[in-house]
Structure formats: structure tokens, C-alpha cells
Number of protein chains: 2
Amino acid sequence: MLTPERHKLIMQLLKEKGVVKIQDLVDITETSESTIRRDLTQLEEGKYLKRIHGGAARLQGKLQEPSMSEKSSRNLQQKRQIAQYAAGLVEGGDSIYLDAGSTVTEMIPYLPAKEIVVVTNGLMHISALLERNIKTFLLGGFAKEQTKAIIGRGALASLEYYRFDKCFMGVNGIHPQFGYTTPDQDEAMIKQKAISLSREAFVLADNTKFSEIAFAKIGELHTAAIITNELDEEQQETYTSKTTIKVVTA
Amino acid sequence: MLTPERHKLIMQLLKEKGVVKIQDLVDITETSESTIRRDLTQLEEGKYLKRIHGGAARLQGKLQEPSMSEKSSRNLQQKRQIAQYAAGLVEGGDSIYLDAGSTVTEMIPYLPAKEIVVVTNGLMHISALLERNIKTFLLGGFAKEQTKAIIGRGALASLEYYRFDKCFMGVNGIHPQFGYTTPDQDEAMIKQKAISLSREAFVLADNTKFSEIAFAKIGELHTAAIITNELDEEQQETYTSKTTIKVVTA
DNA sequence: TTGTTTTTGAATGAAAATGATTGATTTTTG
DNA sequence: CAAAAATCAATCATTTTCATTCAAAAACAA
């Protein structure tokens, strides 16, 4: 059974049942567990599903809320710490860019509401921003379903209208040699441009992003400062030599 | 049974019954007590429920719904009728503009999902559109908190990139002499422009909008066709002489 | 064909989830 | 009130699932 067939099958089962177990997929497709795992990993990277222990789950198309499992996890606590620190960097009068992404969303409750202007391409941020009565501008363009982000030519064009004091970006990979990377080419271009339009750029990343490489390159390490939570001595040294890095400790 | 499945199940039972006993959950899920306990602990950490001795209780957080349930239920039926008819006008291959507004939102479930392209300035539409996997473009610009619409210079500028087969607009006032009106000048400009970029334009309006005048003028009656629900003979005559009007009857 | 890349399946140890057990705590019962 | 019963948190061994690695198989190109 060919890879795209399996992927289609998995997605179909997922659509029907909401959750699938790896063992069931192994039986149905008559392939090895390894192969199914690889399939799930790929599909998750493309934001087609959420991997869970023992299988995979359909991801709810909801525009906000993280899922039940992640809401209670340590992971969210860490994200929130990073986000809170990042939000603390914003001063009254700033105009800032908020990249699409869940870590960045966590910044919003901590932003100084008064006198700041926010520009974003993240659909998941809007309601939180409006709720706080923050002056918000949205990029125009194509609304991508999987990542809930505005992308495309239109988005790049609308970015041109703005300049930022600070921008806050999410990335999928941080690597000493390959810099900041993300799976989607279009999103990479937006991130790139936003960084170039900003006086200061910050990348928000938990420790799982380090030494990872995703498909599309955003830029070299020195183009942005990194805000993260944990990092062992060795890695910290590696990265400190290439860019500014702030480790937020618990 | 996978962890998220159990979590979902627990929450569902909780929603129905208010409280659940641990033993019942053990029986239903056919897992051990330990596991259920762990589940409850996690869910409590995520603020999904309150643990009580012997089980768990629902947490009446801010689960309030759009509270105007009573008054609008009849109104909603009417809106939905209008919306459904309007959606029926859209054909595969069309590119359409959806104005911000609650009546227009009701169109989305009835739109032919395949092969259409939607452009909108209505933030309230996005999640419904994405859920239906409809190709969606959003105008860029300022996000207005009260109306959840994108407005401003940026929005006008991004409109220029598009042309539409059909556009569907909401208005606050329809008047034989003063035409279509809406309270906000900025929104009026957007609506105006969208209509001018569209081959055919439709205004969705329930009967309460007729003979009303709001502050900012969008255009004369003849610039768009009207889709409404009820309209007495006399009025219908008045308007039919000035534009196309479709009365959707129950 | 031959050499190269991609895909696959198996093996490994690490990580996570589970179920049973313990003794402490709370609730119920007499 | 005190004893009994039920529920609890904490711990540990076991099982399951996981990521990673590597070599074989398959698909591909020259």
C-alpha cells in the first residue's frame, strides 16, 4: 500500500471515528508499526492530525483553546513562562507584530493593553486581542486552515504597510548552522519579512525546538533573539556565541 | 481506550449529569481505578472539572452562551431562511464576497463547499468557513472590536486585489429615498467598494430594516438586489419599482 | 545492468501509561 | 463518639508505546 493511500485512509478513519489506534492501523493496512508511526509523524507535521499516546486524534477546528490533554501539561506552563517574559519586553507606545502560533497566543494576557498596536497574521489571536481592547491590525490574504494563519502574496503585500518596534515569532526548528526553520514555505516568507520590518526580533521556543530542522528557512540565528525555558550548558554556549539568548527559569 | 477518549467521555458524562462517581467511570471505561484517578487529576489541573470525594463535579465556568437566546430564536429562523436562499444563489466556481454580519454567517452552512472562493472582512465568519474547508481570503486592516469586522484604509486597499461574481451584504437601514445605510462610515465604504467590485450584489435584510435610516450611506437601492423574509404589499410595491427584491416565504 | 535514493521493517533502550498495593484520610454507620 | 467502610494519594512493577537506529528491500536513475 502506497504512502499517499495510507495517509488518505488514516485521515478518512480519523474523520469518521475521531480517534484511531496505531494497532488498528497496522492491522488494516498490513504494514509495520514503524511505517504507521512515520505516517502519523508526517501527518502531524502537516497539521493534519494530533498524535496521542497510542494513536492519533482529529484536531478540532476550533480557533482558540488548546486540547484537554495539553492544557494540563507541563508544556503549557513552560510556554506560558516564555510568553510572559516576552510580553514583559513590550512597552507602552510600541507597535509589535505577533506571529501565528500557540506560544505567542499566551503572550496576549500579559501584554500592556494601553497604547500599543498589534499587527498579526494569526487568526487564533484575534478574539483574545479584541477582548483586551488592544488595537489590532490583521494581515490580509489566504486563510490557511491547518495553521489558522494568514499567508500568501496578499499577506506579504499587506506587511509592507507596517513597521514594528518588536516582533515575536514562533518557529519549528532552531539550529546553529541552518538557523530558524518552519515546515511551510509561505509561512517562512511571512516570518522573514516581519523580522526584517522590525527593529528587534524575538523567537519564542521551548527546548524541544533546538537542534531541529524543518523544511523552510526563515533566517540565520543572529536575525532574532531567542527566548526559551531550559537549555543545557553546552547548547547554551553554542547559541550564545551566535545570537542573544534569554533562558527563562521557573 | 486511549487517554483523550476517556477524557472526552468523562467531560461528556459530566456535562450531562453534573457529577460522576469514580466507580461508574471504572465500569464504563473498563480501566482501573488508578487510571481514572489520574484522568480526574489531569482534568482538574486543566480546570475542566472539580474533584470531589468519590468522583468529580462539573465546573460552571464561564460557559455562558450568546445570552440573547429567547428573543432571537424567532429572529434567527427568519435570518436563516434568508441566508439559505442567498446561499442557493452561489454556484460552483463562483468567487464571492461575504460582508461582516450575523445574517451572512448563517449562509455559510448552506454554501456549496466545492470550488468556490470566499473573500470576507467578517471575523465571525472565519471559523465556520475554515471548518467547511472553503477557500477563504481575509481582507487586511484594522479589526474593529464591536462589529468583529476588518475596516480601514488597509481593508479598502486589499479589496482592490479582488473581483467577485456575487457579493452578499448586511445593512442596518433600507429606505426608498436614502438607499442602504449603516452606522459606521468606515464599514459603509468597504461595503460600497465590495458592491462596486461585484458583478451582482445582494443585500440580506429582515423586515425590521425597512424604512430605517442609519448614519452612513452605502448606495442607492438599485445598486443591489434585496433578499428579505416578510414585506407587506404596499412596501413591496415601493421597493420593487426601485430594485430587484426577493421575498423568501416560510 | 549498476549505483543511488527512498521506503520499509525490525531491534534497541527510553518514556509513558497502567494496574495493583500500601497506608493515610475521609465519610458513613452503628 | 468510635468502628467500619469507602476513598484517597503515593509508590512500584509491569506493560505498552515511543523515538531512534540500522540494515534489508524497493523504487529510481544513469
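- Nucleotide C:dA16 holds its P atom 13 Å from the CZ atom of A:Arg51, rounded to whole Å.
- Summarising the geometry, the separation between CD1 on A:Ile22 and C1' on C:dA16 is reported as 13 Å, rounded to the nearest angstrom.
- Of the candidate nucleotides C:dT18, C:dT8, D:dT17, C:dT18 has the atom lying nearest to any side-chain atom of B:Thr35.
- In terms of modelled atom types and a separation under 3.5 Å, the side chain of A:Tyr180 and the main chain of A:Lys217 share no donor-acceptor contact.
- Here the rule is side-chain contact (heavy atoms from CB on, under 4.5 Å) with A:Leu138, and of A:Asn121, A:Val118, A:Ile126, A:Leu129 only A:Ile126 fits it.
- Across all strands shown, A:Ile52 has heavy atoms under 4.0 Å from sugar-phosphate atoms exclusively, and none from any base.
- Distances shown here put every side-chain N or O of A:Arg38 at or beyond 4.0 Å from the OP1 or OP2 atom of C:dT7.
- The nearest whole Å value for the distance from the CD atom in B:Glu30 to the C1' atom in C:dT18 is 15 Å.
- At a threshold of 4.0 angstrom between heavy atoms, the contacts of B:Thr31 are confined to the sugar-phosphate backbone, with no base atom among them.
- At whole-Å resolution of the value, NZ in A:Lys21 and P in D:dT16 are 14 Å apart.
- Dashed line: the shortest gap from a side-chain N or O of A:Arg37 to OP1 or OP2 of D:dC18 is under 4.0 Å.
- Residue A:Ser34 places no side-chain N or O under 4.0 Å from the OP1 or OP2 atom of D:dC22.
- Taking atom CZ on A:Arg6 and atom C1' on C:dT7, their separation rounds to 9 Å, with Å as the unit.
- Residue A:Ser32 places at least one side-chain N or O closer than 4.0 Å to OP1 or OP2 of C:dG9.
- Surrounding CE of A:Met189 are at most 12 heavy atoms belonging to other residues, nucleotides or ligands under 6.0 Å away.
- As rounded to whole Å, 12 Å separates atom C1' of D:dT17 from atom CG of A:Leu40.
- One atom, CD of A:Glu44, and another, P of D:dA19, lie 9 Å apart when rounded to the nearest Å.
- Aromatic ring orientation, A:Phe202 versus A:Phe168: parallel (interplanar angle below 30°, classes split at 30° and 60°).
- Across all strands shown, A:Thr3 has heavy atoms under 4.0 Å from sugar-phosphate atoms exclusively, and none from any base.
- Atom pair A:Met1:CE and C:dG9:P shows a separation of 12 Å (rounding to whole Å applied).
- Look at A:Asp184 and A:Lys47 and you find no salt bridge, because none of the NZ, NE, NH1 or NH2 atoms lies under 4.0 Å from a carboxylate O.
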